[in-house]
Engineer: 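Okay, here's the structure, questions in a sec.
Every heavy atom of this structure was used, including side-chain atoms; hydrogens, water molecules and symmetry mates were not. Each residue takes its place number in the sequence, starting with 1.
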Amino acid sequence: MRAELIDGKAIAETIRNEVAADVAVLAARGIVPGLTVVLVGDDAASATYVGAKEKASKAAGMNGDTIRLPAATSQEELLALVEHLNADPAVHGILVQMPLPKHIDPDTVIRHILPEKDVDGFHPVNVGKLLIGHTDGFVSCTPAGVIELLVRSGVDTRGAEAVIVGRSNIVGKPMAALLVQGRAGGDATVTVCHSRTRDLAVHTKRADILIAAIGRAEMITGDMIKPGAVVIDVGMNTKPDATKAKGTRLCGDVHFESAVEVASKITPVPGGVGPMTIAMLLRNTVRAAERTLSVAVR
């Protein structure tokens with residue numbers, strides 16, 4: 001029996017509608033949430049993603065601005081811009097798009113963003129709040145989106161064996177912190193696997209919930225999955241495909257054709273986790289704007 005598809009596009013649309021409703025409430029109180037995205041350089045993938053963020057912000061009724069800087073921008077110039085945005089009361093969320101040119105240290109830039117405007121959830125203060133279970137910080141958007149997918153798809157995480165393949169600061173580590181905590185989408189027993197893990201399939205076959213975020217095309221195959229497991233594919237890779245006009249196709253970290261025959265629920269690529277990232281970014285920005293009124297809308 002083929003797995004049920006978890007429709008990230010539909011769930012993200014629901015969240016974006018909720019965000020739009022919250023934005024309308026805030027606007028009636030004189031606050032229009034503002035998200036400013038900074039793009040340094042001309043990376044094509046980053047430019048496409050940034051454009052989607054700006055479009056989604058405006059569709060929700062928010063102020064969504066993009067500041068585009070040349071690749072030769074110095075670290076000092078970028079930090080000065082971040083400080084300017086920190087001081088601007090109309091800007092509630094700041095996102096500096098990664099990757100940055102090699103001469104700019106991303107950690108230094110992230111640390112200069114005020115934690116209360118760090119809607120990407122990467123500042124050490126927000127990461128620390130997540131790890132100790134505080135809920136007043138911002139959580140990295142992709143893992144937060146995965147939790148929403150699980151909860152809204154009726155997946156019971158309590159006591160479940162959750163295995164994460166990938167230990168990045170953007171997905172793997174915050175994903176583990178969310179799954180282990182005692183709140184909705186948590187209370188799981190979590191294993192984090194990575195490039196040094198021995199006998200990876202031994203771990204993945206044990207998972208009731210398997211989250212693939214390793215960045216390697218179709219690495220997880222059906223024979224590595226426990227029958228009936230829920231599979232969340234965070235990967236976004238390209239693979240040669242002569243049948244496509246561009247000569248390539250998008251694929252995840254999971255070999256979908258074999259996994260769909262084993263899992264109970266699975267996210268497709270595209271249309272699974274991807275749309276959730278922007279939806280959660282919008283939600284974080286609304287939360288940042290709410291704090292200026294000290295009133296929670298939702």
Engineer: For Asp136, does the CG atom have more than 12 heavy-atom neighbours from other residues, nucleotides or ligands under 6.0 Å away?
Structural biologist: yes
Engineer: Do Met280 and Val171 land in one hydrophobic cluster if side-chain heavy atoms of ILVMFWY residues count as linked below 4.5 Å?
Structural biologist: yes
Engineer: Run the side-chain hydrogen bond (donor to acceptor under 3.5 Å, both in side chains) test against Thr108 and tell me which residues pass, sequence neighbours left out.
Structural biologist: Asp105
Engineer: Quick one: hydrophobic cluster around Met236, which other residues, with the 4.5 Å side-chain cut-off, linked directly or via members?
Structural biologist: Leu250, Val269
Engineer: State, with a plain yes or no, whether a side-chain heavy atom of Met62 is found less than 4.5 Å away from one of Leu282.
Structural biologist: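 With C-beta onward as the side chain, the pair touches.
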Engineer: Is the shortest distance from a Lys or Arg side-chain nitrogen in Glu161 or Lys226 to a carboxylate oxygen in the other one below 4.0 Å?
Structural biologist: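 Between Lys226 and Glu161 there is no salt bridge, as every charged N stays at least 4.0 Å from the carboxylate O atoms.
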Engineer: Any salt bridge between Glu261 and Arg2, counting N to O under 4.0 Å?
Structural biologist: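 The answer is yes: the pair qualifies as a salt bridge.
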Engineer: For atom CZ of Arg216, is the number of surrounding heavy atoms from other residues, nucleotides or ligands below 6.0 Å larger than 12?
Structural biologist: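 No - once you tally the heavy atoms of other residues, nucleotides and ligands closer than 6.0 Å, there are 12 at most.
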Engineer: Quick one: list whatever passes side-chain hydrogen bond (donor to acceptor under 3.5 Å, both in side chains) with Ser195, sequence neighbours left out.
Structural biologist: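 Per chain and number, Ser195 pairs via side-chain hydrogen bond (donor to acceptor under 3.5 Å, both in side chains) with no residue.
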Engineer: What are the two closest non-hydrogen atoms of Gly61 and Val23, and how far apart are they?
Structural biologist: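 Closest approach of Gly61 to Val23: O-CG1, 3.5 Å.
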Engineer: Count the heavy atoms of every other residue, nucleotide or ligand shown that sit under 6.0 Å from CG of Leu79, and state whether that count exceeds 12.
Structural biologist: yes
Engineer: State whether a side-chain donor-acceptor pair under 3.5 Å links Ser57 with Glu54.
Structural biologist: no
Engineer: Could you report the tightest heavy-atom contact between Pro33 and Val286, atom names first, then the distance?
Structural biologist: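 Closest approach of Pro33 to Val286, heavy atoms only: CG-CG2, 4.4 Å.
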Engineer: Verify the neighbour count for atom CZ of Arg249: are there more than 12 heavy atoms of other residues, nucleotides or ligands below 6.0 Å?
Structural biologist: yes
Engineer: Please tell me whether Leu210 and Leu179 are part of a single hydrophobic cluster in this structure, the criterion being side-chain heavy atoms less than 4.5 Å apart.
Structural biologist: no
Engineer: Evaluate the side-chain proximity of Val163 to Cys193: yes if any heavy-atom separation is below 4.5 Å, no if none is.
Structural biologist: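 Yes, at least one pair of side-chain atoms sits under 4.5 Å.
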